[in-house]
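Quick note: residue numbers are just sequence positions, from 1.
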Amino acid sequence: MSEPEVQPGAEQPAGLSQWQRVANAFTAPSKTFNDIKRGNKSWWLPFLLFVVFGTGLWAIVGMQVTWPQVVENGLRMAPKQAERLDQLTPEQRESQKKISAVVQQYAIWLPAPVWVLVMDLIAATVLLGTINFGFGGKASFGQVLAVIWYAGLPGLIKLVLGAVGLFAGVAPESFMPGNPAGTNLGYYLSPTDTNKILYALATGIDPITIWSLVLTAIGLAIVAGVKRTSGYIAVFGWWAVMLLISVGFTAAFS
């Protein structure tokens, strides 16, 4: 009697490369997120892209705007801090501004990738708990973290637009590191003449940010195996909470 023939199992689809996942994040995001769900969770390429593009933008800021000017721009956004500086002698005031320019430059340029990574780790933890315990999902931490990095890729557009704007002649006096490109209404409002709460809302509601949030919601729902509405509720719910906290902080300390 011959041995029974063993039927080969169904072939698993080949995983995407990281470059394919990056491209699909813009053109066919479900392909990227389904690939992550299958276990392909590497996200070092999006991280590297943000390091490269971000470093490029800050280098251009140093050339086209200068960091002392960035400090001056920030003081216009923080009148209480500017008032405290005005109480110093001219020599002390200039010394403080020089120190602030150095701190601002290296606080943004060098630790920025680490800071973004820490924030994404926190976001992944919060979203993982929300989608799994709040909506019955089955996502892993690595899957959610990968979703966040790939869903955040539209943010590269803002970095590129910020750099292009500086070369195109954007006034150095109007540049704000936290809002480098005109992708939201707040960019076109005067930070000194506009109500601080309105300015914070106009800046926070950004189409690029909304795009990334939509991608995050889709990806979260896919890797967790839940309805997309659950992903939208989880992601936009937390975004609304953070926006309100930001607006409240602005109202309290500006």
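No donor-acceptor distance shorter than 3.5 angstrom exists from the side chain of Asn24 to the backbone of Phe33, with no hydrogens or angles considered. Between the Asn184 side chain and the Gly204 main chain, no donor and acceptor come within less than 3.5 Å of each other. A side-chain donor-acceptor contact under 3.5 Å links Gln20 to the backbone of Ser17.
For the pair Pro180 and Pro177, the tightest heavy-atom approach, listed with the atom from each and the gap, is CD-O, 3.6 Å. Ala25 and Thr32 make their closest contact through N-OG1, 3.4 Å (heavy atoms, listed as atom of the first residue, atom of the second, distance). Nearest heavy atom pair, residue Ala200 against residue Leu243, reads O-CD1, 4.5 Å. When all heavy atoms are compared, the tightest approach of Phe47 to Pro113 is CE1-O, 3.7 Å. For the pair Lys158 and Ala181, the tightest heavy-atom approach, listed with the atom from each and the gap, is O-CB, 3.5 Å. Residues Thr203 and Gly186 share a closest heavy-atom pair of OG1-CA, 3.6 Å.
Clustering ILVMFWY residues whenever any of their side-chain heavy atoms sit less than 4.5 angstrom apart, transitively, puts Val52 in the very cluster that holds Leu49. Put simply, Leu198 and Val247 are part of two different groups of oily side chains (I, L, V, M, F, W, Y) that touch within less than 4.5 Å, one to the next. If you chain together hydrophobic residues whose side chains sit under 4.5 Å apart, Leu244 and Val241 never meet in one group. Hydrophobic clustering (ILVMFWY, side-chain heavy atoms < 4.5 Å, transitive): Leu128 and Phe133 are in distinct clusters. Both Trp43 and Leu48 are members of a single hydrophobic cluster when ILVMFWY side chains are connected at heavy-atom separations under 4.5 Å.
Side-chain contact between Trp115 and Met119 is present, with at least one heavy-atom pair separated by less than 4.5 Å. Between Val116 and Trp149, the closest side-chain pair of non-hydrogen atoms falls below 4.5 Å. Using a 4.5 Å cut-off on side-chain heavy atoms (C-beta onward), Trp211 and Ile208 make contact. Put simply, the side chain of Arg21 reaches to within 4.5 Å of the side chain of Ser42, judged on heavy atoms. Using a 4.5 Å heavy-atom cutoff, the side chains of Leu153 and Phe50 are in contact. When side chains are defined from C-beta on, Lys31 does not count as touching Asp35, because their heavy atoms never get closer than 4.5 Å. Side-chain contact between Trp239 and Thr209 is present, with heavy atoms from C-beta onward closer than 4.5 Å. At least one side-chain heavy atom of Trp58 sits under 4.5 Å from a side-chain heavy atom of Val61.
Expressed to the nearest 0.5 Å, how far NZ of Lys37 lies from OG of Ser140 amounts to 11.5 Å. In this structure, the separation between CG on Leu156 and CG on Leu57 is 11.5 Å, given to the nearest 0.5 Å. Atom CZ of Phe135 is separated from atom OG1 of Thr130 by 7.5 Å, given to the nearest 0.5 angstrom. Distance check: Asn179 CG to Thr183 OG1 gives 6.5 Å after rounding to the nearest 0.5 Å. The distance from atom OG1 of Thr194 to atom CG of Leu201, rounded to the nearest 0.5 Å, is 12.0 Å. Interatomic distance, Ile245 CD1 to Met242 CE, rounded to the nearest 0.5 Å: 5.0 Å.
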Check residues 213-235 and write down every donor-acceptor pair under 3.5 Å in which the side-chain atom is one partner and the other belongs to a residue at least two apart or another chain.
unit_1: Thr216; atom_1: OG1; unit_2: Ser212; atom_2: O; d: 2.8
unit_1: Arg228; atom_1: NH2; unit_2: Ser30; atom_2: OG; d: 3.1

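Within 6.0 Å of the CH2 atom in Trp238, the count of heavy atoms belonging to other residues, nucleotides or ligands does not exceed 12.
For the ring-ring contact (aromatic ring centres under 6.0 Å, His included) condition, no pair includes a residue of residues 172-203, sequence neighbours left out.
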Check your understanding: Going through the distances and angles, do Lys41 and Leu145 end up as a side chain to side chain contact (heavy atoms under 4.5 Å, CB included)?
Key -> CA-CA 8 Å; Lys41 298 175 288 187; Leu145 183 60; over 6 Å; no
Practice item. Check the pair Val147 / Ile36 against side chain to side chain contact (heavy atoms under 4.5 Å, CB included), numbers first and verdict last. Key: CA-CA 7 Å; Val147 165; Ile36 292 172; 4.3 Å; yes
